[in-house]
Amino acid sequence: MTKEEILEWKRVKNSEKDGILFGRINKFREYPKAARHYSTLFPNNYLDIQELKNEEYISKVSQKFLEKINEQNVNERQILNFINNNQYYLIIASLFNLYDFGHHDAYLFKEFPLGNSYVVDYLLVGKGSGGYEFIFVELEKPSERIFVKSGDLGDTFTKGLRQIANWKRWCENHFLSLRETFDKCRSKSADLPSEFFSSDSTRRHYVVIAGRRKDFEKNSEITYTIRHEKRKNEAIQLLHYDNLYDLARRISGKDSY
């Protein structure tokens with residue numbers, strides 16, 4: 001934080017007067033942006049809830065994302081670079097809409113390493129009433145054999161699911177070792193909650209994003225059944241890139257992720 005931001009932060013904090021009925025008034029949203037980050041568990045990975053109020057910005061980012069995925073022959077690496085280079089992280093963060101956590105606290109880690117074995121395109125960490133949970137996100141191609149004619153999964157989703165299976169196995173055996181990675185990112189004034197060093201698989205969720213809406217609409221009954229089974233039995237969401245566009249538009253104006 002700059003000196004000016006520190007002074008403004010102190011001014012706002014001093015105005016958080018104690019109330020008779022409700023205790024101290026929390027004015028977190030009025031803190032300078034740097035102070036809002038500084039006050040969180042992972043300052044450099046914090047998803048700032050105030051950005052959700054900038055509806056014009058979210059509309060612009062969503063439109064640019066749509067234009068990107070509409071480009072001919074665009075691939076998953078180009079999409080990932082587009083998001084990272086422009087810091088359009090709200091596109092990925094919009095996945096919190098699919099879950100009941102993330103509204104108390106939300107973080108994004110890009111290209112997150114699982115030891116020396118794998119790299120997760122994005123790891124989302126969100127807090128709900130039951131504590132912190134984790135969403136592992138894999139981007140695949142927006143085109144090319146998303147589903148086969150029968151409606152079964154094509155090569156693109158199959159590749160993504162193999163990656164998820166590898167991540168799951170790794171986490172079952174080594175999740176506790178991630179504590180060191182999280183420790184490097186956390187605020188030095190905060191301790192890691194127990195969710196970050198207890199291997200509870202029910203707190204881990206997975207998303208594979210591939211294809212476009214039109215790919216899912218072919219043989220939609222079979223496709224829906226496959227998606228439902230993966231979500232229910234394996235905690236895996238199978239989404240298309242138009243889902244991401246829709247979700248990003250949906251977070252506009254919200255109070256939290």
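Both backbone and side-chain heavy atoms feed into the values below; hydrogens, waters and symmetry mates do not.
- Side-chain contact, Y122 with N84: a donor N or O sits under 3.5 Å from an acceptor N or O.
- Looking only at atom types and distance, the side chain of S59 has a donor-acceptor partner in the side chain of R249 under 3.5 Å away.
- Atoms CD1 and CZ, on I146 and R212 in that order, are 10.5 Å from each other to the nearest 0.5 Å.
- With hydrogens and angles disregarded, no donor-acceptor distance shorter than 3.5 Å links the side chain of N45 to the backbone of Y107.
- Between the D215 side chain and the G211 main chain, no donor and acceptor come within less than 3.5 Å of each other.
- When side chains are defined from C-beta on, Y46 does not count as touching S39, because their heavy atoms never get closer than 4.5 Å.
- Side chain of N97 to main chain of S94: a donor-acceptor pair is present (N/O by atom type, distance under 3.5 Å, no hydrogens or angles).
- Residues E140 and A210 share a closest heavy-atom pair of CB-CB, 3.8 Å.
- Under a cutoff of 6.0 Å and an axis angle of 45°, R204 and F175 form a cation-pi pair.
- A side-chain donor-acceptor contact under 3.5 Å links E16 to the backbone of K27.
- In this structure, the side chains of L98 and L239 come closer than 4.5 Å at one or more pairs of heavy atoms.
- Atom CZ of F101 is separated from atom NE2 of H103 by 10.0 Å, given to the nearest 0.5 angstrom.
- Side chains of E133 and H205: a donor-acceptor N/O pair is present below 3.5 angstrom, by distance only.
- In plain terms, the two heavy atoms of I49 and D255 that are nearest each other are CB-O, 3.8 Å.
- Proximity of P142 to I79: side-chain heavy atoms (C-beta onward) are separated by under 4.5 Å at one or more points.
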Exercise. Verify salt bridge (charged side-chain N to carboxylate O under 4.0 Å, His left out) between K33 and E51, making sure each step is shown before the conclusion.
Key: CA-CA 10 Å; K33 182 179 177 65; E51 289 186 357; 3.2 Å; yes
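- When hydrophobic clusters are built by joining Ile, Leu, Val, Met, Phe, Trp and Tyr residues whose side-chain heavy atoms come closer than 4.5 Å, directly or via intermediates, I6 is grouped together with Y31.
- For the pairing with L178, the side chain to side chain contact (heavy atoms under 4.5 Å, CB included) check across F196, F197, F112 returns one residue only, F112.
- Between the side chain of R231 and the main chain of I236, no donor-acceptor pair closer than 3.5 Å is present.
- Residue-environment remark: NZ (K168) exceeds the threshold of 12 foreign heavy atoms within 6.0 Å.
- Formation of a donor-acceptor pair under 3.5 Å by the N75 side chain with backbone atoms of Q78 is found in this model.
- Side chains of N14 and R11: a donor-acceptor N/O pair is absent below 3.5 angstrom, by distance only.
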Quiz item: Under the side chain to side chain contact (heavy atoms under 4.5 Å, CB included) criterion, do R186 and L192 qualify, and how do the steps go?
Solution: CA-CA 8 Å; R186 69 173 172 82; L192 276 181; 3.9 Å; yes
Quiz item: After noting the C-alpha distance and the side-chain angles of V74 and F82, does the key distance pass the side chain to side chain contact (heavy atoms under 4.5 Å, CB included) rule?
Solution: CA-CA 11 Å; V74 67; F82 166 80; over 6 Å; no
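- Atom CG in D242 sits 4.5 Å away from atom CZ in R213 (nearest 0.5 Å).
- Under the 4.5 Å side-chain heavy-atom criterion for Ile, Leu, Val, Met, Phe, Trp and Tyr, L7 and V12 are members of distinct hydrophobic clusters.
- Remark: the N243 side chain and the Y245 side chain contain no N/O donor-acceptor pair separated by less than 3.5 Å.
- Using a 4.5 Å cut-off on side-chain heavy atoms (C-beta onward), I135 and L123 make no contact.
- No donor-acceptor contact under 3.5 angstrom links the side chains of D105 and Y257, judged on distance only.
- The number of heavy-atom neighbours closer than 6.0 Å to CG of N85, taken from other residues, nucleotides and ligands shown, is above 12.
- Taking the six-membered ring wherever Trp is involved, the centroid distance between the rings of Y88 and F65 does not fall below 6.0 Å.
- With 3.5 Å as the limit, one finds a donor-acceptor pair spanning the side chains of W167 and Q163.
- Y99 places a side-chain heavy atom less than 4.5 Å from the side chain of V207.
- Side chain to side chain, N86 and K64 fail the donor-acceptor criterion of an N or O pair below 3.5 Å.
- Between Y89 and K110, the side chains place a donor N or O and an acceptor N or O closer than 3.5 Å (distance only, hydrogens not considered).
- With hydrophobic clusters built from ILVMFWY side chains whose heavy atoms lie under 4.5 angstrom apart, I222 shares a cluster with L238.
- With a 4.5 Å cut-off on side-chain heavy atoms, L66 and N70 count as touching.
- A distance of 9.5 Å separates CG of L80 from CD of E138, quoted to the nearest 0.5 Å.
- The shortest heavy-atom contact between A248 and I91 is CB-CD1, 3.9 Å.
- Hydrophobic cluster membership is shared by F28 and F42, with clusters built from Ile, Leu, Val, Met, Phe, Trp and Tyr side chains linked at under 4.5 angstrom.
- Of the N and O atoms on the side chains of D200 and T202, at least one donor lies less than 3.5 Å from an acceptor on the other residue.
- Summarising the geometry of T40 relative to H37, their closest heavy-atom pair is OG1-O, 2.7 Å, with the distance given to 0.1 Å.
- Side-chain atoms of E5 come within 3.5 Å of backbone N or O of T2 as a donor-acceptor pair.
- Using cut-offs of 30° and 60° for the angle between ring planes, the F109 and F182 rings count as perpendicular.
- Between N81 and R77, the side chains place a donor N or O and an acceptor N or O closer than 3.5 Å (distance only, hydrogens not considered).
- Note: L90 CG to F96 CZ = 12.5 Å, rounded to the nearest 0.5 Å.
- Salt-bridge check for K68 with E71: passed, with a basic side-chain N closer than 4.0 Å to an acidic carboxylate O.
- Minimum interatomic distance between S199 and E172 (heavy atoms only, all atoms of both residues): OG-O, 4.2 Å.
- Remark: the backbone N or O of G253 is paired with a side-chain donor or acceptor of K53 at under 3.5 angstrom.
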Practice problem: Could you go through the side chain to side chain contact (heavy atoms under 4.5 Å, CB included) check for V119 and L114 one step at a time? | Solution: CA-CA 6 Å; V119 175; L114 298 181; over 6 Å; no
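- Formation of a donor-acceptor pair under 3.5 Å by the D121 side chain with backbone atoms of E111 is not found in this model.
- Note that CG of L244 is 5.5 Å distant from CG of L95, once rounded to the nearest 0.5 Å.
- With salt bridges taken as basic N to acidic carboxylate O contacts below 4.0 Å, none links E55 and K60.
- Under the 30°/60° scheme for interplanar angles, the aromatic rings of F147 and F157 are found to be tilted.
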Practice problem: Let me see the working for R169 and N166 under side chain to side chain contact (heavy atoms under 4.5 Å, CB included), right down to the final yes or no. | Solution: CA-CA 5 Å; R169 282 193 293 271; N166 290 334; 2.5 Å; yes
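- Between P43 and C185, the shortest heavy-atom contact is CD-O, 3.8 Å.
- Y57 OH: more than 12 foreign heavy atoms inside a 6.0 Å radius.
- Residues D48 and R29 are not paired through a salt bridge, judged by the lack of any N-O separation under 4.0 Å between the basic side chain and the carboxylate.
- Judged by distance alone, the side chain of S220 and the main-chain N or O of F216 form no donor-acceptor pair under 3.5 Å.
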